[in-house]
Amino acid sequence: MRLITTIEEMREVVHDLKKSGKTIGFVPTMGYLHAGHATPIDRARTENDVVVVSIFVNPLQFGPQEDYASYPRDLERDSAICQEHGVDFVFAPSSNVMYPKGTVDVFVDVRRLDQNLCGRFRPGHFRGVLTVVMKLFNIVQPDRAYFGMKDIQQLRIIEEMVNDLNWPVQIVAVPTVREDSGLAMSSRNTYLSEEERKTATAIYQSLQMARQLIEAGERDASAICDKCIEFLERVGLRVQYFQVVDYDSLQLLRTVSGKVIVGVAAFVGKARLIDNVVLEVS
Ligand code: PAF
């Protein structure tokens with residue numbers, strides 16, 4: 001496995017790989033890897049000749065009050081995990097390498113698809129994500145890129161970006177990896193105390209509650225959300241949103257029908273955690 005920190009070196013490697021007809025599977029990450037990253041890495045390993053993992057905590061996607069400075073970082077540990085999982089190249093540029101001007105003057109932006117779920121509460125977040133993902137795609141030129149379904153809005157917006165901008169990459173959606181308790185794996189789980197980790201399991205329970213209500217015939221999205229919010233607040237979580245949106249348009253639904261995303265963001269202590277389920281409702 002080779003660790004690459006400059007764009008020039010990554011480009012040279014990609015140039016040679018393309019020349020020899022190798023397919024590139026790409027897993028973009030912000031590091032502090034866990035099983036939720038290992039699953040897409042393993043999948044990329046089986047589906048491509050070469051696997052590239054990027055590790056870059058992207059300042060552009062954090063709001064001023066968010067956790068950019070405290071976001072967990074450990075390149076040594078991450079490199080060891082990548083090595084264990086058969087990664088060929090870790091691309092870990094510094095912020096200066098990615099943003100020599102400190103920022104960029106030209107962004108990739110999104111409309112409509114960021115009106116609900118996380119986009120509503122994190123202005124500019126998806127613009128930062130899309131801009132860095134497009135930069136990484138330009139550098140790594142992957143045949144396939146792997147994104148976790150825990151960040152379902154990110155995944156959907158990236159799917160639309162490559163469609164709208166005709167970028168020749170296959171986006172592969174990887175199901176959320178959960179702890180035995182149901183808690184979705186996240187680098188931000190490291191912020192949780194033992195007690196908070198137990199409380200946080202209510203997030204997935206609330207999604208199961210929504211699923212059960214829908215299975216029992218409830219179609220009124222507000223009624224479902226109100227019940228689930230009440231449950232989360234009762235166990236001590238501060239809910240940022242609990243929403244049911246259409247899978248394609250990401251617009252809020254009044255009546256639950258078709259392919260839908262039930263999404264939640266809640267604070268457990270200082271950790272903001274997100275999760276979702278995708279349901280087909282007839
Ligand atoms: O999901 C993440 O870890 C990040 O948003 C991504 C896609 C690596 C872009 O910084």
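We count ligands from 1, going down the list as the structure has it; atoms in each ligand are counted the same way. Throughout, numbering of the chain's residues begins at 1 and tracks the sequence.
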Any cation-pi pair here, R2 with F89, using under 6.0 Å and within 45°? no
Parallel, tilted or perpendicular for Y99 and F56, by the 30°/60° rule? tilted
Candidates K135, M30, Q61; heavy atom nearest atom 10 (O) of ligand 1 found on Q61
Which ligand 1 atoms, with their elements, are less than 4.0 angstrom from a heavy-atom of T29? 8 (C)
Under 4.0 Å from a heavy atom of V132: give me the atoms of ligand 1 that qualify, with their elements. 9 (C), 10 (O)
Kindly state whether the ring of Y241 and the ring of F121 have centres lying under 6.0 angstrom apart. yes
For atom 5 (O) of ligand 1, grab the closest protein heavy atom and report residue, atom and distance to one decimal in Å. Q154 OE1, 2.7 Å
Can K227 and E230 be counted as an ion pair, charged N to O under 4.0 angstrom? no
